[in-house]
Amino acid sequence: GELMTPEKLGAQMQQMLDMQGRIMSALLAQQQEISRLSAALATVRISRTQEIAMKEAISARAAQLAREEEMPGCERRIAGAIRRTLRETTGARAIGDLQSSQFDRAMDMVSAWRMSGALRRIRREAEQNG
């Protein structure tokens with residue numbers, strides 16, 4: 001057997017440290033990629049189908065409230081108020097800009113929407129504008 005000289009031992013240690021460094025770099029790169037992907041995933045917008053479903057839900061809710069509150073002809077104004085609430089709560093500028101992660105919560109919000117202040121204001125505007 002060959003004797004391990006300090007030089008050979010030092011070289012072997014250096015090799016192990018180099019390999020460890022490469023492994024750490026690879027792990028870090030992987031971690032950064034995972035972070036990048038989850039950030040990208042969080043900003044995925046709703047699909048065209050979901051957008052259509054959301055718009056239909058808004059119209060349906062507005063029509064339902066117009067009937068329940070006896071405010072015929074106010075459907076469009078009520079739908080506008082629902083969309084405004086959606087924009088304020090989600091930060092999305094338009095329905096199509098909603099993030100897919102917000103879709104279910106937004107749908108729940110639409111089906112439960114009943115802001116009496118907004119409805120009173122819409123009723124007043126409708127009465128004033130004939």
Side-chain angles (χ1 to χ4, degrees):
E2 210 176 306
L3 278 176
M4 205 30 127
T5 64
E7 292 77 27
K8 279 187 181 166
L9 193 62
Q12 220 171 31
M13 290 285 286
Q14 194 53 57
Q15 245 179 344
M16 280 170 62
L17 286 171
D18 289 347
M19 199 184 318
Q20 212 170 20
R22 283 199 298 276
I23 292 170
M24 293 301 284
S25 296
L27 283 174
L28 188 65
Q30 216 171 32
Q31 213 82 56
Q32 287 168 338
E33 181 64 2
I34 289 169
S35 298
R36 192 187 63 76
L37 286 173
S38 43
L41 213 59
T43 60
V44 171
R45 291 189 176 151
I46 59 172
S47 67
R48 185 79 184 103
T49 310
Q50 286 175 317
E51 182 182 354
I52 291 166
M54 181 69 68
K55 288 177 174 172
E56 285 173 356
I58 291 170
S59 295
R61 182 61 180 156
Q64 181 187 14
L65 285 168
R67 273 194 315 276
E68 287 175 10
E69 301 283 332
E70 295 175 3
M71 296 166 64
C74 292
E75 293 81 1
R76 283 188 56 204
R77 284 188 181 123
I78 296 171
I82 296 173
R83 279 195 299 274
R84 192 162 35 256
T85 303
L86 262 181
R87 281 198 301 275
E88 287 164 3
T89 55
T90 63
R93 284 190 301 280
I95 302 300
D97 289 335
L98 268 175
Q99 292 175 4
S100 56
S101 59
Q102 300 174 312
F103 180 74
D104 291 335
R105 200 170 51 95
M107 279 298 246
D108 289 344
M109 198 226 75
V110 169
S111 59
W113 192 93
R114 182 192 291 274
M115 288 180 74
S116 44
L119 290 168
R120 271 197 303 277
R121 180 178 45 74
I122 292 166
R123 187 189 302 275
R124 256 199 325 274
E125 285 170 7
E127 285 164 1
Q128 284 163 8
N129 303 338

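Just the heavy atoms: all of them, side chains too, but no hydrogens, waters or symmetry mates, feed the values below.
In this structure, Met4 and Leu9 approach most closely via the heavy-atom pair SD-N, 3.9 Å. For Val110 against Met54, the heavy-atom pair with the smallest separation is CG2-SD, 3.9 Å. The minimum heavy-atom distance linking Glu75 with Ala66 is given by the pair OE2-CB, 3.6 Å. For the pair Gly96 and Ile46, the tightest heavy-atom approach, listed with the atom from each and the gap, is O-CG1, 4.2 Å.
Ion pairing between Glu127 and Arg124 fails under the 4.0 Å rule for side-chain N and carboxylate O. A salt bridge between Glu88 and Arg84 is absent, with no side-chain N of the basic residue lying under 4.0 Å from a carboxylate O of the acidic one.
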Donor-acceptor contacts, no H, no angles, side chain residues 57-64, under 3.5 Å, sequence neighbours left out:
| unit_1 | atom_1 | unit_2 | atom_2 | d |
| --- | --- | --- | --- | --- |
| Ser59 | OG | Lys55 | O | 3.2 |
| Arg61 | NE | Ser111 | O | 3.4 |
| Arg61 | NE | Trp113 | O | 3.0 |
| Arg61 | NH1 | Gln64 | OE1 | 2.9 |
| Arg61 | NH2 | Trp113 | O | 2.8 |
| Gln64 | NE2 | Glu68 | OE2 | 3.1 |

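Arg114 is listed as a side-chain neighbour of Glu69, based on a closest heavy-atom distance under 4.5 Å. In this structure, Leu98 and Gln50 have side chains that are not in contact, with every pair of non-hydrogen atoms separated by 4.5 Å or more.
Between atom CE of residue Met71 and atom CD1 of residue Ile78 there is a gap of 4.5 Å, rounded to the nearest 0.5 Å. The distance from atom CZ of Arg93 to atom CZ of Arg87, rounded to the nearest 0.5 Å, is 11.0 Å.
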Let me see the working for Met109 and Thr90 under side chain to side chain contact (heavy atoms under 4.5 Å, CB included), right down to the final yes or no. CA-CA 11 Å; Met109 198 226 75; Thr90 63; over 6 Å; no
